[in-house]
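Worksheet for the structure shown next.
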There are 2 protein chains.
Amino acid sequence: MVTSTVENYLKHVLLLSEEADDLVSMGALAAALAVVPGTATTMVKALADGGLVEHQPRHGVRLTDEGRSVALNVLRKHRLVETFLVNVLKMDWAKVHQEAERLEHAVSDEVLDRLDALLGHPGTDPHGDPIPSRQGKLRSQVYATLATCATERRFRIVRVTDQSPEFLQFAEQNGLQPGTSLRVTERNLAAGLLTLRKPAGRPIALSLAAAGKILVEPEK
Amino acid sequence: MVTSTVENYLKHVLLLSEEADDLVSMGALAAALAVVPGTATTMVKALADGGLVEHQPRHGVRLTDEGRSVALNVLRKHRLVETFLVNVLKMDWAKVHQEAERLEHAVSDEVLDRLDALLGHPGTDPHGDPIPSRQGKLRSQVYATLATCATERRFRIVRVTDQSPEFLQFAEQNGLQPGTSLRVTERNLAAGLLTLRKPAGRPIALSLAAAGKILVEPEK
DNA sequence: AAAGGTATTTTGAATAGTCAAAATAAATGT
DNA sequence: ACATTTATTTTGACTATTCAAAATACCTTT
């Protein structure tokens, strides 16, 4: 049976496999799910029995087609719910992630479709993360980050990849959300620091680490 | 810890204690939760340990103040979610109950408050069931049913107490929802049958059993 | 008051998910 | 190549929730 625990495992395998391509390590998976490694091993073996993942002992996990389809559906629920919470209920950008963590397992496909329609079939959630389509297509595109983009050129933020409330709070306070346009005025690799400017407003200082979590695309 | 299982037990104790006043029997509770009686006993003892209910062995259960407050909160979530599903997402009246069964455990208090505001602080859900206030007040009022009300007088439906999809489907098809006005034209106790008329429209025949599930109040 | 019948509780066992800690395998440094 | 570190798996145990079936208590009814 696909319990919400199973959904969580699959979702995290999907998310982690976007970075560490191909196999996801047990360690990474266990960390993402906040369980001890042994638990992840046990669970992954059960999932493999159920045909949802492929487990290569001592190497890692990969989703099967079936597992991938379940994971994409959960991710779609998560991101549509987040969009609903922000756009309709006007909730704080930083809080919606945890809310959606619970709701993603309780929303039926029918409710989801209606939510999707209500929101006008959005392509991304408020963080700029792409929302998988009902058919399970996930648009994925490689973006520059504030840490790597050209200086003195105008960019627009398309996505904020850190979901922690602290980071989102910081981003919100400085108006760094998808849609914001800005340019990097200075980048100091030695100090690990950069400065950026929005069209109107004072300069904002940012660590390189933080900058790497903000994806941008050239404007116009 | 208050798991969703615990929430369900408490909610059903609350619901059942409205009818069978004072103590709720194990049998009734077990039936409502679709578990065998032994399971209910075990669980109730655990709840009693946690101070959420008072268990009088061989006689029944009653909510403590703490348990009651948890139960009312769950009920509030259930009914506000139902209202949202019908009023905003335009879902089928008959389906929302099962949806809400899952969502009631996943919605946070904050989301609930925003939902409540979005819906304009409704006093009842689409079935006419009263929605507990945030403070845990539950307006309860004794209504006549179609099985007991006067004939040839105009009444308005205030509540439909059977939540099964079959019954709700039937009610919907015949336009028997909270707000509908009608009068009972004939009641045949022997045949267990009654006939009613809406202001415009043909007579509708109804079993006495079904009629007992539709609460009404005199109009004007 | 004995005999049944019904509701409730007990007991023993199962499942899902978890942790702690020991065992094992693989990777790395020197 | 050998010892050490690191990652993974195994093992044994625990919690929450459930069922099946046996035991017990409480009513009735005669």
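Proteins come first, then strands; the chains are lettered A, B, ... in the order of their sequence lines, and each starts at number 1. Computed from heavy atoms alone, side chains included, the values below leave out hydrogens, waters and symmetry copies.
The interatomic distance linking Asp49(A) (CG) with dG17(C) (P) rounds to 13 Å, in whole Å. When the P atom of dA16(D) is taken as reference, atom NE2 of His105(B) falls 18 Å away, rounded to whole Å. Between the CG atom of Asn8(A) and the C1' atom of dG17(C) there is a distance of 12 Å, given to the nearest Å. Taking atom CE on Met1(A) and atom P on dT15(C), their separation rounds to 13 Å, with Å as the unit. Atom OH of Tyr9(A) and atom C1' of dG17(C) are 8 Å apart (whole Å). Rounded to an integer number of Å, the gap from CG of Leu10(A) to C1' of dG17(C) is 15 Å. To the nearest angstrom, C1' of dT18(C) lies 12 Å from CG of Leu33(A). Note: CD (Glu7(A)) to P (dA16(C)) measures 16 Å, nearest angstrom.
By the side chain to side chain contact (heavy atoms under 4.5 Å, CB included) test, Thr39(A) is found to be paired with Tyr9(A), Val35(A), Val36(A), residues two or more places apart in sequence or in another chain being considered. Partners of Lys11(A) according to the salt bridge (charged side-chain N to carboxylate O under 4.0 Å, His left out) rule, which considers only residues two or more places apart in sequence or in another chain, are Glu101(A), Glu104(A).
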Q. What string of B, S and - do you get for nucleotides 3-10 of chain C 5' to 3' if you count protein non-hydrogen atoms under 4.0 Å?
A. ----BBBB
Please report, to 0.1 Å, the donor-acceptor pairs under 3.5 Å made by any side chain of residues 164-173 of chain A, with sequence neighbours excluded.
| residue | atom | partner | partner atom | Å |
| --- | --- | --- | --- | --- |
| Ser164(A) | OG | Asp162(A) | OD1 | 2.9 |
| Ser164(A) | OG | Phe167(A) | N | 3.4 |

For residues 43-59 of chain A, please give each side-chain donor-acceptor pair under 3.5 Å, one per line with the distance, not counting sequence neighbours.
| residue | atom | partner | partner atom | Å |
| --- | --- | --- | --- | --- |
| Glu54(A) | OE2 | Gln56(A) | NE2 | 3.3 |
| His59(A) | ND1 | Pro57(A) | O | 3.1 |

Enumerate, atom names and distances included, each donor-acceptor pair closer than 3.5 Å involving a side-chain atom of residues 117-131 of chain A, sequence neighbours excluded.
| residue | atom | partner | partner atom | Å |
| --- | --- | --- | --- | --- |
| His121(A) | ND1 | Asp116(A) | OD2 | 2.8 |
| Asp125(A) | OD1 | His127(A) | N | 2.8 |
| Asp125(A) | OD1 | Gly128(A) | N | 3.1 |
| Asp125(A) | OD1 | Asp129(A) | N | 3.0 |
| His127(A) | ND1 | Glu82(A) | OE1 | 3.0 |
| His127(A) | ND1 | Gln163(A) | OE1 | 3.4 |
| Asp129(A) | OD1 | Arg159(A) | NE | 2.5 |
| Asp129(A) | OD1 | Arg159(A) | NH2 | 3.4 |
| Asp129(A) | OD2 | Gln163(A) | NE2 | 2.8 |

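No side-chain heavy atom of Pro178(B) sits less than 4.5 Å from a side-chain heavy atom of Val158(B).
Note on Thr5(B): a side-chain N or O is less than 4.0 Å away from OP1 or OP2 of dT17(D).
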